[in-house]
Amino acid sequence: MKRLLAELRENIRMALSALAANKLRSALTLLGVMVGVFSIILVMTAVRAMKNNIEREMGALGSRTFAVTRFPVVNFEGPHGSMRYYRRKELNIQQGQQFQKIADFAPVVGLHSPFGSFTVSSRFAETPPNVPVEGATPGVFQTNNWTMVEGRPLLTADVESARDVCVISIELAKTLFPLGSPVGQRVKIEAINYTITGVLERVGSSEAKALAVIPITTGLNRFGRRRDIGILVQAADVATLGDTMEQARGVLRTIRKVAPGEPDDFEMLTSDSLIKQFNDVTFAVRIGLAVVSSISLLAAGVGIMNIMLVSVTERTREIGVRRAIGAKKRSIMSQFIIEAVVLCEIGGLAGVILGFAGANAVAVYLLKVPPAFPADWAIFGVAICSVVGVIFGSYPAYKAANLDPIESLRYD
Amino acid sequence: MSLIRLDSICRRYEMGGETVHALRGVSISIERGEYVAIMGPSGSGKSTLMNIIGCLDTPSSGSYELNGNTVADMDDNDLADIRNREIGFVFQTFNLLSRSTALRNVELPLIYAGVDIDERREIALAALADVGLADRVEHRPNEMSGGQRQRVAVARALVNKPSLLLADEPTGNLDSKTGEEILALFKALHAKGNTLIVVTHEEEVARHARRIIRIRDGLVASDEVVT
Ligand SMILES: Nc1ncnc2c1ncn2[C@@H]1O[C@H](COP(=O)(O)OP(=O)(O)OP(=O)(O)O)[C@@H](O)[C@H]1O
Ligand SMILES: [Mg+2]
């Protein structure tokens, strides 16, 4: 085992110096692999970033909860679709409150609106300006599965009187109040002081992140009233989710004065339906990607095989020398296979890095979703490079290993 | 039992319908611990014979026993091991890796012997120091003189402490002083009980050996003990 590792290390060292001796040629050869891996990583990272975003926004919702929003979370219809969505009238707090009043068939209704990310500071500490501040009604605590670790959640009275109170997530509490209890303490957000009523923990959410929750009314006063809100509705159980959604649809159409026969001018989403919808839409993309990247990797592999064959011919004498001083066929074989693999791996790693960079640039600046670094795809990309290297390096390596030592020594 | 037993070894080369007879029936026995010089005019088959003794080439006919084992029966891996551990070969044309430093070149047999990296470096540096190249270890062959290259080739042949050293014109490119040093090195190896076979044109070099075999036209012309 130790022996094998030492041999591997030696082979990698030899491969690197052989590749370095022909830098331009090596670079041109690995370009093909790089492009193949780059395209895989680019698309899969972008898809993953979008999917993560959906899961982040919807994932906290249990299977018996649905959300009502003005716009879809992900727009699948391109610019044509977004024009249609932007013509929709806004979904404001008045409509939300009206819905809440009418919808007595739904056990829990919550209204919420994100106000953006800000710096939150306490007497002890200050965060970077990246803490999401969310406006909510008491119902949101239930629909989102927020459990109180300490103190109390927001109350109806907090919302009605638009109090300057807030509930912070346990992660934020740890940052801002490293020692004592935060309940009753004050935090400052955008120059306004809020009294902390409690600390929440997000159950079932994959991400541990800072969050500050203020009454939705307080937030609308502070950050501007002209903004859309989301309505979260929890049905009694999964079995009645469909019925509850239909009833809610009727109520909302009435509130928003949608004429009979017209399509809804709002979106109703469950986390399951959304993820399914997303997977359906991206399926074609993923299939296309698989085809394109397979072809480009195949082409890259043939290029590698070609260059390795040239390299074997050029280095016939070197092979003869190595054989003459005791290299076994196996050693020559592994030397050249590893050289091909190292070549592919350099291309592959470059592809992974560029793919991550490109996809996340698109994700962050164009799609406005947090970046993603799908390790599984990175590993897949690197692994597929090794496979390409082994497959297309084998024949040249076999040729090298089976050269006659004495004839190779005479070659020039 | 002899270390080397060649029995009517022939080596033919087919050259586009024409057959070149490099060796036409060479029978020699060499005992363990002997110091043998092989002499003969250019083209007489000395290098061909050395390649066969060094398990690099196989005879067209005849049998070769090394250490009691028939070489024709051994597989490629066994031969590679023998070349690596038992035989040190100084080639007439050096056969160094042109892109690698002297140190890397000398380390090479140790790599295939599986010696670990630190030990390898130490042994290789010592071998280079033995041939007077301690200050040239990081030079590549094309940055060295012919004599220096030859000494790198000698260091590489000796680095695995082979019991059989084959040297094809090891002093051909050396001035008389470095030549003497190499010969002194050989003498010390011989004194330690190693077997040496040296091809040379120079009577003076041959006189260092204990036995001189003269080859002419692929045949043993004479085989005498140096007195
Ligand atoms: N690969 C080969 N193909 C054809 N003929 C060969 C080959 N190798 C050697 N010969 C021939 O075999 C004969 C012996 O060659 P060899 O290299 O053994 O000579 P040598 O005694 O070592 O000569 P020198 O003293 O010049 O090194 C020569 O006539 C040569 O032309
Ligand atoms: Mg010769």
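Naming convention: chains lettered A, B, ... in sequence-line order (proteins, then strands); numbering from 1 in each chain.
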| request: With rounding to the nearest 0.5 Å, note down the distance linking CG in B/L49 to CD1 in B/I197. | output: 8.0 Å

Considering distance alone, list the donor-acceptor pairs between chain B and chain A shorter than 3.5 Å.
residue, atom, partner, partner atom, Å
B/D76, OD1, A/R323, NH2, 3.0
B/D76, OD2, A/R323, NH1, 3.1
B/D76, OD2, A/R323, NH2, 3.1
B/D81, OD1, A/K328, NZ, 3.0
B/D81, OD2, A/K328, NZ, 3.4
B/R83, NE, A/R323, O, 2.8
B/R83, NH2, A/R323, O, 3.2
B/N84, ND2, A/I325, O, 2.9
B/N95, OD1, A/R317, NH2, 2.7
B/R104, NH1, A/E10, OE2, 3.0
B/R104, NH2, A/E10, OE2, 3.1
B/Y112, OH, A/R322, NH1, 2.9
B/R120, NH1, A/E10, OE1, 3.2
B/R120, NH2, A/E10, OE1, 2.5

| field | Under 4.5 Å from any heavy atom of chain B - which part of A/A324 | value | both

| query | Does any heavy atom of chain A fall under 4.5 Å from the side chain of B/I117, the backbone, both, or neither of them? | reply | side chain

| query | So what's closer than 4.5 Å to chain A heavy atoms on B/L108: side chain, backbone, both or neither? | reply | both

| request: Report yes or no: does B/S27 contribute a side-chain atom to a donor-acceptor pair with the main-chain N or O of B/D7 at less than 3.5 Å? | output: no

| Which is it for B/I28 and B/I4 under the side chain to side chain contact (heavy atoms under 4.5 Å, CB included) test, yes or no, and what are the steps along the way? | CA-CA 8 Å; B/I28 311 174; B/I4 291 167; over 6 Å; no

| request: For A/F356, enumerate each residue passing the ring pair (Phe, Tyr, Trp, His ring centres under 6.0 Å) test, keeping only those at least two apart in sequence or located in another chain. | output: A/F373

| side chain to side chain contact (heavy atoms under 4.5 Å, CB included) between A/I332 and A/L403, worked out | CA-CA 10 Å; A/I332 300 294; A/L403 287 174; over 6 Å; no

| Residues forming a ring pair (Phe, Tyr, Trp, His ring centres under 6.0 Å) with A/F392, sequence neighbours excluded | none

| request: Calculate, to the nearest 0.5 Å, the distance between atoms CD1 and SG belonging to B/I87 and B/C55 respectively. | output: 4.0 Å

| query | B/A157 versus chain A, heavy atoms under 4.5 Å apart: side chain, backbone, both or neither? | reply | neither

| Excluding sequence neighbours, so at least two apart, what forms salt bridge (charged side-chain N to carboxylate O under 4.0 Å, His left out) with B/R5? | B/E65

